[in-house]
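See below for the structure under consideration.
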There are 2 protein chains.
Amino acid sequence: MTPSPSGGLTIGDLADRTGLAVSAIRFYETHGILHPVRNAGGHRRYGRADIRRLSFVMIAQSMGFGLSEIAGYMTGLPAHRAPSKADWTRISEDFRSKIDARITLLQSMRDRLDGCIGCGCLSLETCALHNPLDEAAKGGTGPRALREV
Amino acid sequence: MTPSPSGGLTIGDLADRTGLAVSAIRFYETHGILHPVRNAGGHRRYGRADIRRLSFVMIAQSMGFGLSEIAGYMTGLPAHRAPSKADWTRISEDFRSKIDARITLLQSMRDRLDGCIGCGCLSLETCALHNPLDEAAKGGTGPRALREV
DNA sequence: CTAATTTCTCAAGTCCACTTTAGATCAAGA
DNA sequence: TCTTGATCTAAAGTGGACTTGAGAAATTAG
């Protein structure tokens, strides 16, 4: 629990700080999200900035972004130096615009749903939801949340 | 392609009308979303109302709801009779309130993200995003979009 | 120094939402 | 009628996001 003052955080420290499982943190590393250094014994050592990286991952995931997309944002951050505020601002601008698009889509679907349920036309043949769906329903296999907006 | 006028729609008809794969429609049946009757030869026959059911499934999915949750809504509809407008209105009211909650959560996260990125505090220890995340991040394994709001 | 904890790697397992494959049967047009 | 295309079942495969398990080595508390 005592984070080594000089050597950085252990994977357990990071897990405690973020609430993530140790296995998840290792998993993210294999997907290029973190790049910890190793100590003499081969154990991973993290910097404080990695807490922030993982926070971003968790936020983005809860908003429906996939890991590969998130990893894409992460490549916009320096791998072995703590990102500056400018780094975070840059990647979060694109992120924010995608969130906005997602909110707008959700709102328009909700509003149209009201109309469609009300008029009894909830059919892909005539319903106004048809086109938005066509655009939103692209993507590979697996759960199709609001990915790829 | 010629939908049997008396016998209802074939699974292929339904696939054409909804844009779903035949295999997906069969899969949904195993999850209790559709309950087609069988003809003499053992082939599935659907009613027009099933197009609407599948439309609802697709809409709900694109909004981040999981199949089991959607199946839950579907049990609120009559299995072997075409749902009335009142049936649809009833289940869509609950649905709509969940969508609203989802939109609100997304908006508040977006707004706080602006603040957190700006002030450089994007850390679970101090960031205002912490608590909303705690609530949103519950759930089993697998992709964790905005399920379980 | 020893015992208890952590961490290491790597392979395999899990859940969700489907798709693919295989072999057989059913339905419909020429 | 015949043949082509649709549908049937059951089982296995896929991709995303992780978790679990096994055995070994490193770290830390007492």
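By convention in this document, chain letters (A, B, ...) are assigned in the order of the sequence lines, proteins followed by strands, and residues within each chain are numbered from 1.
- For Ile11(B), the side-chain atoms get nearest to dC8(D) when compared with the rest of dC8(C), dC8(D), dC18(D).
- Rounding to whole angstrom units, OH of residue Tyr46(A) and C1' of dT7(C) are separated by 10 Å.
- Remark: Tyr46(A) engages no residue in a ring-ring contact (aromatic ring centres under 6.0 Å, His included) (not counting sequence neighbours).
- Side-chain contact between Leu14(B) and Leu34(B) is present, with at least one heavy-atom pair separated by less than 4.5 Å.
- Remark: Glu93(A) engages Thr89(A) in a side-chain contact (heavy atoms from CB on, under 4.5 Å) (not counting sequence neighbours).
- An OP1 or OP2 oxygen of dA27(C) is reached within less than 4.0 angstrom by no side-chain nitrogen or oxygen of Thr10(B).
- For the residue pair Asp13(B) and Thr10(B), a side-chain donor N or O sits within less than 3.5 Å of a side-chain acceptor on the partner.
- The nearest whole Å value for the distance from the CG atom in Leu67(A) to the P atom in dC18(D) is 5 Å.
- Remark: Ala21(B), Ser23(B), Ala24(B), Phe27(B), Tyr28(B) in residues 21-31 of chain B come within less than 4.0 Å of DNA chain C through at least one heavy atom.
- One finds a side-chain N or O of Arg44(B) lying less than 4.0 angstrom from the OP1 or OP2 phosphate oxygen of dC8(D).
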Dump every N/O contact between nucleotides 22-27 of chain D and the protein below 3.5 Å, one line per pair.
unit_1, atom_1, unit_2, atom_2, d
dT27(D), OP1, Asn39(A), ND2, 3.0

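- Here the side chains of Ser68(A) and His31(A) are not in contact, with every heavy-atom distance at 4.5 Å or above.
- No side-chain donor-acceptor contact under 3.5 Å links Asp50(B) to the backbone of Arg53(B).
- Protein atom CD of Glu69(B) is 14 Å distant from nucleotide atom C1' of dC16(C), rounded to whole Å.
- In this structure, the side-chain contact (heavy atoms from CB on, under 4.5 Å) partners of Asp87(B), at least two apart in sequence or on a different chain, are Leu77(B), Pro78(B), Pro83(B), Ser84(B), Arg90(B).
- Distances shorter than 4.0 Å separate none of the side-chain N or O atoms of Gln61(A) from OP1 or OP2 on dG16(D).
- Between the C1' atom of dT7(D) and the CG atom of Leu9(B) lies a distance of 15 Å, rounded to the nearest Å.
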Query raised in the report: Going through the checks in order, is the side chain to side chain contact (heavy atoms under 4.5 Å, CB included) test met by Ile51(B) and Leu9(B)?
Result: CA-CA 10 Å; Ile51(B) 298 174; Leu9(B) 304 165; 4.0 Å; yes

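- At whole-Å resolution of the value, CD1 in Ile70(B) and C1' in dA17(C) are 11 Å apart.
- Among residue pairs with one or both ends in residues 20-30 of chain A, those qualifying as side-chain hydrogen bond (donor to acceptor under 3.5 Å, both in side chains) are Tyr28(A)-Gln61(A), Glu29(A)-Arg44(A); sequence neighbours excluded.
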